[in-house]
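What follows is one structure encoded as structure tokens, with my remarks underneath.
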There are 2 protein chains.
Amino acid sequence: MEKFPAPSFYAHRHNHNACIHSALNKAQHICAKKEIRFTRIRQQTLELIWSSHKPILAYELLRTLRREKHNAEPPTVYRALDFLLENQLIHKIESLNAYVGCHFPDKDHISQFLICTGCHQIAELEDANVNKVITRQAARSGFQVAQQTVEIRGLCPTCQNL
Amino acid sequence: MEKFPAPSFYAHRHNHNACIHSALNKAQHICAKKEIRFTRIRQQTLELIWSSHKPILAYELLRTLRREKHNAEPPTVYRALDFLLENQLIHKIESLNAYVGCHFPDKDHISQFLICTGCHQIAELEDANVNKVITRQAARSGFQVAQQTVEIRGLCPTCQNL
DNA sequence: TGACTAATTGTTATATTATAACATAATACT
DNA sequence: AGTATTATGTTATAATATAACAATTAGTCA
Ligand SMILES: [Zn+2]
Ligand SMILES: [Zn+2]
Ligand SMILES: [Zn+2]
Ligand SMILES: [Zn+2]
């Protein structure tokens, strides 16, 4: 495997419009395939979540959504979030009560999050080793793993040099 | 290492008073050593948190605390929680917004939590392998780890057989 | 097409989790 | 005792999330 920083931490220099469009396109296809409805509100919400690689709070989302959709209320946002979460188009960062776009929406996966406390950006890893060790060590306690929350705080490559 | 379930999952059959007293005693000593004040409110709060191996919500804590302390208000609880968290006497389970007693308060440690979705009990692991793999895989992205949240949901040995 | 059904969104209210701000009290230090 | 520091009391409010029911929209099919 390559030893370059995960793509997300290139965010300073990359063409982020490509990220957004790619995410929306993938979502479009996934929903079509699953025959579920990727409505306007859901699209707008996903697009806002992808507006950066930083996790976004539900009420930030609401404030922004209201610029286009004057009558938006909390349930509007939470329903869209629920839909996007259920379909693995986004993830919730539990330790921040915030939401980020999923980098592998077309793939069943177990991910880990690197959260930079410098620039507040997030990278999503999908590391088989981490998953394997967790599952194995839990099994040593006789525990059967169903789901994992792995959120790692620290400094991204860029922020280490600041 | 032994391959028995972690102590916490013995909760059905164990002498839980021993857990409570041990936790309070350790806390007492740790606070004395650090020359920080283990006040009545902090003791009561820690004792309530240790009343089971299930994570407890801040407002549950408040309701219970009020039985002894009629004028308790949210800041009372949150201040006690802050103190206990800062001194590693308890942990917050981020995915539940709930709090559990720490099993290794006298030791600097990085822990992982096994959360049983059957009986809602929690076990705290302090597994060097998990920590090591996470740190190593993060480093492959150039990421410097400062802190970890690892919360694993699934079924404990007992609940697998129900 | 138009009636029927299911899914989505609108709307109001409220529950739950957590903190701000300032007053008072208890403790530690000289 | 007098002062500084830490802890607690008290009131208000911020931030996160859901319940409940009404209205609308989209899909189904006679
Ligand atoms: Zn991007
Ligand atoms: Zn950074
Ligand atoms: Zn611990
Ligand atoms: Zn169990």
Side-chain angles (χ1 to χ4, degrees), chain A residues 27-28 31-49 54-87 89-100 120 149 151, chain B residues 27-28 31-49 54-87 89-100 120 149 151:
Chain A
Q28 198 68 259
C31 292
K33 197 164 182 179
K34 291 197 199 175
E35 299 189 37
I36 52 180
R37 289 162 56 195
F38 194 42
T39 63
R40 180 95 186 92
I41 291 176
R42 292 164 178 175
Q43 288 175 46
Q44 284 176 298
T45 304
L46 184 60
E47 185 170 354
L48 287 176
I49 290 171
K54 300 179 191 174
I56 188 166
L57 302 166
Y59 277 73
E60 273 185 62
L61 216 46
L62 178 57
R63 276 190 292 279
T64 312
L65 202 57
R66 273 181 167 154
R67 295 214 274 260
E68 295 184 50
K69 210 179 154 10
H70 206 272
N71 63 335
E73 294 293 340
T76 308
V77 165
Y78 282 102
R79 282 169 183 152
L81 288 172
D82 286 345
F83 173 87
L84 297 170
L85 286 167
E86 269 166 24
N87 293 288
L89 298 170
I90 62 171
H91 296 288
K92 178 173 185 181
I93 304 300
E94 299 287 353
S95 58
L96 298 173
N97 296 317
Y99 305 83
V100 285
H120 301 106
T149 298
E151 300 175 5
Chain B
Q28 198 68 258
C31 292
K33 196 163 181 179
K34 291 198 200 173
E35 300 189 36
I36 53 180
R37 290 160 57 193
F38 195 42
T39 63
R40 180 95 186 93
I41 291 176
R42 291 164 178 176
Q43 288 176 44
Q44 285 177 297
T45 304
L46 184 59
E47 186 170 354
L48 288 176
I49 290 171
K54 300 178 191 174
I56 188 167
L57 302 167
Y59 276 75
E60 273 185 62
L61 217 45
L62 178 56
R63 276 189 292 280
T64 312
L65 201 57
R66 274 181 166 154
R67 296 213 273 260
E68 295 184 51
K69 208 175 159 11
H70 206 274
N71 63 336
E73 295 292 341
T76 308
V77 165
Y78 281 102
R79 282 168 183 154
L81 289 172
D82 286 345
F83 173 87
L84 298 170
L85 286 167
E86 270 166 23
N87 293 289
L89 298 169
I90 63 171
H91 295 287
K92 178 173 186 181
I93 305 300
E94 300 287 353
S95 58
L96 297 173
N97 295 318
Y99 304 85
V100 285
H120 301 106
T149 297
E151 301 175 5

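Proteins come first, then strands; the chains are lettered A, B, ... in the order of their sequence lines, and each starts at number 1.
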So what does [X] touch, heavy atoms closer than 4.0 Å: a base, only the sugar-phosphate, or nothing?
{"X": "Arg40(B)", "result": "nothing"}
{"X": "Phe83(A)", "result": "nothing"}
{"X": "Phe38(B)", "result": "nothing"}

Would you say [X] reaches [N]'s phosphate, i.e. side-chain N/O to OP1/OP2 under 4.0 Å?
{"X": "Thr39(B)", "N": "dA26(C)", "answer": "no"}
{"X": "Lys69(B)", "N": "dG9(D)", "answer": "yes"}
{"X": "Lys92(A)", "N": "dA17(D)", "answer": "yes"}

**OP:** Please tell me which of Pro75(A) and Arg63(A) maps to the more 5' nucleotide of DNA chain D, matching each residue to the nucleotide holding its nearest heavy atom.
**Re:** Arg63(A)

**OP:** Record whether the side chain of Arg37(A) comes under 3.5 Å of the base of dG27(D) through a donor-acceptor pair of N or O atoms.
**Re:** no

Rounded to the nearest Å, what distance is computed from the [atom1] atom of residue [X] to the [atom2] atom of nucleotide [N]?
{"X": "Tyr78(A)", "N": "dT14(C)", "atom1": "OH", "atom2": "C1'", "result": "14 Å"}
{"X": "Glu73(B)", "N": "dA14(D)", "atom1": "CD", "atom2": "C1'", "result": "16 Å"}
{"X": "Ile36(A)", "N": "dT8(C)", "atom1": "CD1", "atom2": "P", "result": "9 Å"}
{"X": "Ile93(B)", "N": "dT17(C)", "atom1": "CD1", "atom2": "C1'", "result": "16 Å"}
{"X": "Asp82(B)", "N": "dA7(D)", "atom1": "CG", "atom2": "P", "result": "12 Å"}
{"X": "Leu84(B)", "N": "dA7(D)", "atom1": "CG", "atom2": "C1'", "result": "14 Å"}
{"X": "Arg42(A)", "N": "dT25(D)", "atom1": "CZ", "atom2": "C1'", "result": "12 Å"}
{"X": "Leu57(B)", "N": "dA17(D)", "atom1": "CG", "atom2": "C1'", "result": "14 Å"}

**OP:** Mark this stacking check for Tyr59(B) against dT17(C) as yes or no, applying ring centres under 5.5 Å and ring planes under 30°.
**Re:** yes

Original post:
Between the side chain of Glu151(B) and the main-chain N/O of Glu94(B), is any donor-acceptor distance below 3.5 Å?
Top reply: yes

Original post:
Can Glu60(B) and Lys54(B) be counted as an ion pair, charged N to O under 4.0 angstrom?
Top reply: no

Subject >> Minimum heavy-atom distance between Ile49(A) and Leu84(A), given as atom pair plus value >> reply: CD1-CD1, 4.1 Å

Original post:
With nearest nucleotides of DNA chain C determined for Asn97(B) and Arg79(B) from heavy-atom distances, which residue corresponds to the more 5′ nucleotide?
Top reply: Asn97(B)

**OP:** Return the nearest nucleotide to the side chain of Pro74(A); candidates are dG10(C), dA17(D), dT8(D).
**Re:** dA17(D)

Original post:
How far apart are the C-alpha atoms of Asn97(B) and Lys92(B), what are their side-chain angles, what is the distance that settles it, and do they pass the side-chain contact (heavy atoms from CB on, under 4.5 Å) test?
Top reply: CA-CA 7 Å; Asn97(B) 295 318; Lys92(B) 178 173 186 181; 4.0 Å; yes

Subject >> Candidate list Asn87(B), Leu81(B), Leu85(B), test side chain to side chain contact (heavy atoms under 4.5 Å, CB included), partner Phe83(B), passing option >> reply: Asn87(B)

